[in-house]
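Atoms within a ligand are numbered from 1 in the order they appear, just like the ligands themselves.
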Amino acid sequence: MENTLGLEIIEVVEQAAIASAKWMGKGEKNTADQVAVEAMRERMNKIYMRGRIVIGEGERDDAPMLYIGEEVGICARPDAKDFCNPDELIEIDIAVDPCEGTNLVAYGQPGSMAVLAISEKGGLFAAPDFYMKKLAAPPAAKGKVDINKSATENLKILSECLDRSIDELVVVVMKRERHNDLIKEIRDAGARVQLISDGDVGAAISCGFAGTNIHALMGIGAAPEGVISAAAMRAMGGHFQGQLIYDPAVVKTGLIGESKEANIERLQSMNITDPDKVYDAHELASGENVLFAACGITSGNLMQGVRFFHGGARTQSLVISSQSKTARFVDTIHMFDQPKTLQLH
Ligand SMILES: O=C(COP(=O)(O)O)[C@@H](O)[C@H](O)[C@H](O)[C@H](O)COP(=O)(O)O
Ligand SMILES: [Mn+2]
Ligand SMILES: [Mn+2]
C-alpha cells in the first residue's frame with residue numbers, strides 16, 4: 001500500500017496545507033477550511049486508487065466534498081473500468097481532516113495541519129461525530145498508562161516509564177470548561193499543563209516523539225480526530241486510548257445532540273452497542289497497514305508551517321507508516337511558476 005500511495009499522499013496534505021495557509025491570519029476559519037477541503041479532494045482524485053472517505057466533512061451537515069462515504073481516486077470514477085483493473089487494486093479507507101485547527105489558521109496561531117490516515121477497507125473505525133475522551137502517551141508508556149485510571153495514577157506511571165519526576169512532565173489539555181477538574185488534578189499531582197485552544201491531533205502525536213516536551217494528552221476532544229491520532233500512534237507504537245462521550249452534561253457545550261438517551265440510541269443505530277467501550281489504537285486503526293500523513297499549515301511542535309516566497313512555497317510534512325516502520329519528515333519546495341530563487345529559509 002505504501003509503495004503506491006506514499007509519495008502521492010504527501011502531495012495531498014501539502015496541497016491542502018498550501019491552500020489553507022493562504023488564509024492564515026485572515027480571521028476567516030470557514031474559508032481556510034473550505035479551500036483545504038477542495039485542494040485535498042482535487043489532488044486525491046488524481047491518484048490511481050479506489051478510496052472511500054470514512055471520516056470526513058460533516059456527518060450531520062450535507063457537506064458537498066470529502067463527505068463520509070464519498071469515493072475518491074481515479075479508480076472510483078464511473079468510467080474507471082476503461083483504465084483501471086479492479087482486481088489489481090485494494091480498496092482503501094481514508095480519514096481526513098483537511099484543516100485540523102481552523103481557528104488556529106484563522107488567527108495565525110501555531111499547531112494547525114492538513115492531515116489524513118489511510119488503511120485497507122474496514123481498517124479505520126468510522127467514528128461518529130461525537131466527542132471522545134483521549135489518553136495519548138509515549139511508546140515507553142504504551143499499555144502501562146490507562147484511561148480508566150485517574151490522572152494522578154497515570155502521572156505516576158508515566159514518571160516511572162519515562163524516568164522523570166512528575167514535575168518534569170508536561171500534559172496537554174484543551175482549554176475547555178469541561179476540563180477544569182482535570183487541570184486542577186494534574187497540577188495538584190505536580191505536573192505542568194500546556195493548555196491549547198484547538199488542535200488535539202498534533203498534541204497526541206507530539207507525545208510519540210521525545211524532544212517535543214509533551215508527555216501526555218488528556219481530556220475530551222472530537223472523536224474523528226481521535227481516530228486520526230490513533231492511526232498515527234498505532235503506526236509509531238505510541239499509546240492511545242479513546243472512549244466515546246455521549247452525555248451532553250459531560251461535554252458542556254450543547255453541541256452533542258439533545259440528550260444522553262438519544263445519543264445512545266444513535267450509537268446503537270450505528271452498531272455501537274457498548275457506548276462506554278474503551279478503544280485502543282489497534283482497535284481504532286485496526287488495518288494490517290496504516291499510513292498517516294500531515295503537513296503543517298502553521299508551525300507547531302512537529303512541523304514547520306507553510307512558508308511562501310515569491311513564486312513558490314516550502315512545506316514540511318510527516319508520514320508515518322506501520323508497513324515500513326518509518327516516521328519520515330519531508331521537506332518540499334513548491335514552484336508555482338518559475339520563481340527567481342528557490343528559497344531555503
Ligand atoms: O481543535 C479541534 C478543531 O478541529 P477543526 O474543527 O478541524 O479545526 C480539534 O482538534 C478537537 O479535537 C475538537 O474538534 C474539539 O475539541 C471539539 O470542539 P470543541 O467543542 O470546541 O471542544
Ligand atoms: Mn479537526
Ligand atoms: Mn478540520
From the N, O or S atoms in [X], identify the one nearest to the Mn ion (ligand 2).
X: Glu100; result: OE1
X: Asp97; result: OD2
X: Glu225; result: OE2

Which one holds for Lys29 and ligand 1: side chain close, backbone close, both close, or neither close, with close meaning a heavy atom under 4.0 Å?
-> neither
At a non-hydrogen distance cut-off of under 4.0 Å, which region of Cys99 contacts ligand 1 (side chain, backbone, both, or neither)?
->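 Looking at Cys99 and ligand 1, just backbone atoms fall under 4.0 Å.
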Among Leu104, Val201, Val105, Asp200, which one has a heavy atom closest to atom 12 (O) of ligand 1?
-> Asp200
Minimum heavy-atom separation for Ser20 to Ala32, with atom names?
-> OG-O, 2.9 Å
Just checking [X]: does its [atom1] atom have more than 12 heavy atoms from other residues, nucleotides or ligands closer to it than 6.0 angstrom?
X: Asp79; atom1: CG; answer: yes
X: Met174; atom1: CE; answer: yes
X: Glu168; atom1: CD; answer: yes

Is there a donor-acceptor pair under 3.5 Å between the side chain of Glu283 and the backbone N or O of Asp280?
-> yes
Within the distance-only criterion (no hydrogens, no angle test), does the side chain of Arg234 pair as donor or acceptor with the backbone N or O of Ala285 below 3.5 angstrom?
-> yes
With atoms numbered from 1 as shown, which atoms in ligand 1 lie under 4.0 angstrom from a non-hydrogen atom of [X]?
X: Arg178; value: 16 (O), 22 (O)
X: Gly199; value: 1 (O), 2 (C), 10 (O)
X: Gly101; value: 4 (O), 5 (P), 7 (O), 8 (O)
X: Tyr131; value: 17 (C), 19 (P), 20 (O), 22 (O)
X: Arg176; value: 19 (P), 21 (O), 22 (O)
X: Asp97; value: 7 (O)

Does Glu177 reach ligand 1, in the sense of a heavy atom lying below 4.0 Å from it?
->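 For ligand 1, residue contact (heavy atoms, under 4.0 Å) with Glu177 is absent.
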What residue among Asn154, Leu158, Ile157 forms side-chain contact (heavy atoms from CB on, under 4.5 Å) with Lys144?
->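 Looking at Asn154, Leu158, Ile157, the match for Lys144 under the side-chain contact (heavy atoms from CB on, under 4.5 Å) is Ile157.
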Taking the six-membered ring of Tyr131, is NZ or CZ of Lys133 closer than 6.0 Å to its centre and within 45° of its axis?
->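 Not flagged: Lys133 not positioned over aromatic ring of Tyr131.
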Does Lys277 make a cation-pi contact with Phe125, if we ask for NZ or CZ under 6.0 Å from the ring centre and within 45° of the axis?
-> no
Going by distance only, is there an N or O of Glu100 that falls short of 3.5 Å from an N or O of ligand 1?
->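 Yes: some nitrogen or oxygen of Glu100 is under 3.5 Å from one in ligand 1.
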Please determine if Ile220 has a nitrogen or oxygen closer than 3.5 Å to a nitrogen or oxygen of ligand 1.
-> no
Would you indicate whether the side-chain heavy atoms of Val319 and Val13 approach each other to under 4.5 Å?
-> no
